[in-house]
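Worksheet: the structure to be examined is printed underneath.
Reminder, nothing fancy here: chain letters follow the sequence lines and each chain counts from 1. As a basis for the values below, the full set of heavy atoms in this structure was taken, side chains included, without hydrogen atoms, waters or symmetry mates. Note that the structure is predicted; figures quoted are calculated from it, not measured.
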Amino acid sequence: MFALVDCNNFYVSCERVFQPRLANVPVVVLSNNDGCVVSRSAEAKALGIRMGVPLFQVRPLIEQHKVQVFSSNYALYGDMSYRVMSYLASVVPEVEIYSIDEAFLGLHGMERYLIQPESFAQKVRKQVMRRTHIPTCVGIAPTKTLAKLANYLAKKTVAFNGVVVLDSVERQWWALRQVPVEEVWGVGRQYGQKLRAMGLNTAADLAGCSEAWARKHMGGVVGARLVRELQGKPCHQLHPSEDGTLARKSIACTRSFGRPLSKFDDLLGAVAAFTSRAAEKLRAQDSTAYIITVFIGQNRFGPTPPPYTHSAQITLPAATNSTPDLVRAARALLVRLWQPGLVYKKAGVILDGLEGHGQPQLSLFEQLPEVQRPQSAALMRKLDQLNSRFGPNCVRVATAAVAGPKGTPAPWLGQKRLCSPERTTSWHELWEIG
DNA sequence: TCTGGGGTCCTAGGACCC
DNA sequence: TCTGGGGTCCTAGGACCC
C-alpha cells in the first residue's frame, strides 16, 4: 500500500503561514517574472482564475475581488517543504519525495500497525498542520496511480475530511467511477481528448480497457502500466529519497528576461549567471556533469515564426562541477548560437550526464592550459560557503552579470515586485514580534 | 505593454558494429 | 534476380508531471 500526502495549494499555504490576514480570502502566487498564476487559494479558484493563466488576463478579476497577489518566494517554499518532508520521514521508514509539495509513503510491512488506515492518515494530517501550519490531503491505495486518484477525491469532496482509503476492490471501482478520465495521473491534454473522443469518459472506463489496447493507443508500455495500475496491479515502485532530498538526473536553469535583449554581452551575462546557478545546484547534490546544453529563444508570442529557440550541446572531455569550466563551455556554445540583429527573450542552461561524486573520472584540468586551471574543488567549496553565508552572488565569475552599471539591475533580470519576506531563511527577514 | 520553470520517461530512426 | 539479422548507442521529439 502507498499513501500519497499532498499539500493543498502549497505556495499559497506557505504565504498564509506568516500572514494570517490571508486566511479565507482569495490569494494567488505568480510564476517567475510575475508572469502566470501558479498557485491559487480555494477562494481564488472559485472566482474562475485558472491554473497557469497569464496575470494580465485576470487583472480585472483580481482588482474587482481584491485578490491578494504574491511573487513566488522559493526560499520560503523550499524551507517549508523541507519541514513537511522531515516530519513525514519520521513517521514511516520509506518516503519518496515526489515534488516540492507531495510525497509517497511506503506502507508495506506496516499493515499490522495500521488497523485503521484512516486514523493513521488523519494523524499525519494533524501533525503536519500542528508543526508547519500546512494543510494536506492523503490518499491510500495499493498502487501509486490509485493513491493519486484517492488523493484527488480527498481534495475534491469536503465530506471525506481530507482522507480517502481504497483498500478493497469495491471501493476502488467506486472511486474509478467518480473521476473524469483526464484527471487520471498520466492522462494529459492529448490523451484526455483522444479518450473522450473514443467514448472513454471516466477512470473506470479506462481501467476497463485491456493492456494491449492501452499499449496500442497510449504510448506503448507507459499506457499499459497506467491501465494495470488503475486495475490495482502495482507497476511503479517506491523510490525512497535518501537524506531527504531529490537527486536529479538533469539540472537546469532557464529564465525569461525582464526585457528583450540583443547584445552578445547582455546574453553572455545572463547565460553565465544561469550556468553559475546550475553549477551550484549540481554541487549541492554532490554531482558532476559532462554534457551541457545552452539555448536562447525569441518571443514565442511575437511575430517570429518557429522555431523560437535554438540550442547547442557539447560533451565535455570529463565530468566537472566547476563553475569556471562550465561557464567557459557555455560561452563557447553561446558564440555558436547568437545572431546579430535578433531580439531574444529567454535563455537557459541544462546540465546532463550527471555522475555521483567518488566515481572514477579523468581530470578535465589536466587537459587545459595552465592559466585556466582553477583550484578546483576547494575553490568551489569556498565559493559556495561564502554565498551561503553572505547571500547569493556575493562571489561569482566576472561574466555572470547580476547587476548593471551603478547598481542598476542586470538587463535580463525579471519582475518580482510582490515578494513576501524570507521569514525562515534570512536573518534580515525573520518574523518580528511586538 | 504583460504570456514560468524544472523535471521524467519513452519511442523512433539513423549510424554503426559484428 | 538475388542482396541477413540482431544489437547498441545516440539524438530528436512527444507526452506527461508538478
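Taking 4.5 Å as the limit, every side-chain heavy atom of A/T136 sits out of range of all side-chain heavy atoms of A/D6. Side-chain contact check for A/C7 versus A/P135: every heavy-atom pair is 4.5 Å or farther apart. Counting only heavy atoms from C-beta outward, the side chains of A/L354 and A/K249 never approach each other to under 4.5 Å.
Within 4.0 Å of A/V349, counting heavy atoms only, lies no atom of the nucleic acid at all. A/Y191 comes within contact range of the sugar-phosphate backbone alone, with a heavy-atom separation under 4.0 Å but no base atom that close. Among the protein residues, A/K148 comes within range of the sugar-phosphate backbone only, with heavy atoms under 4.0 Å from sugar or phosphate atoms but none that close to a base. Within 4.0 Å (heavy atoms only), A/K346 reaches sugar-phosphate atoms of the nucleic acid but no base atom. The residue A/V187 sits close only to the backbone: its heavy atoms come under 4.0 Å of sugar-phosphate atoms, none of a base. At a threshold of 4.0 angstrom between heavy atoms, the contacts of A/E102 are confined to the sugar-phosphate backbone, with no base atom among them. Note on A/L30: nothing from the nucleic acid sits closer than 4.0 angstrom, heavy atoms only. Residue A/R59 is out of contact with every strand shown, counting any heavy-atom pair closer than 4.0 Å.
Spacing of C1' atoms, B/dG4 relative to C/dC17, comes out at 15 Å, to the nearest Å.
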Using distance only, find each side-chain donor-acceptor pair of residues 60-69 of chain A under 3.5 Å and give its atom names and separation, not counting sequence neighbours.
from	atom 1	to	atom 2	distance (Å)
A/H65	ND1	A/L61	O	3.2
A/Q68	OE1	A/R21	NH1	2.9
A/Q68	NE2	A/K66	O	3.3

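Across A/L88, A/T132, A/V128, a single residue satisfies side chain to side chain contact (heavy atoms under 4.5 Å, CB included) together with A/R83, and that is A/T132.
Mapped onto DNA chain B by nearest heavy atom, A/P260 and A/A247 fall at different nucleotides, with A/P260 at the one closer to the 5' end. Taking for each of A/N299 and A/R248 the nucleotide of DNA chain B with the nearest heavy atom, the 5'-most of the two is the partner of A/N299.
Side-chain atoms of A/D325 and A/T320 include a donor-acceptor pair closer than 3.5 Å.
A/Y344 and A/Y308 have their aromatic ring centers separated by at least 6.0 angstrom. Ring centroids of A/H108 and A/F2 are separated by less than 6.0 Å, placing the two rings close together.
The strand DNA chain C forms stems, runs of 3 or more Watson-Crick or G-U wobble pairs with distances below 3.5 Å, at B:5-18 with C:5-18.
Along DNA chain B, the stretch of nucleotides lying under 4.0 Å from any heavy atom of chain A spans, 5' to 3', B/dC2 to B/dT11.
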> Can A/W185 and A/Y152 be said to form a ring-ring contact (aromatic ring centres under 6.0 Å, His included), step by step?
Replying inline: CA-CA 10 Å; A/W185 193 40; A/Y152 169 84; over 10 Å; no
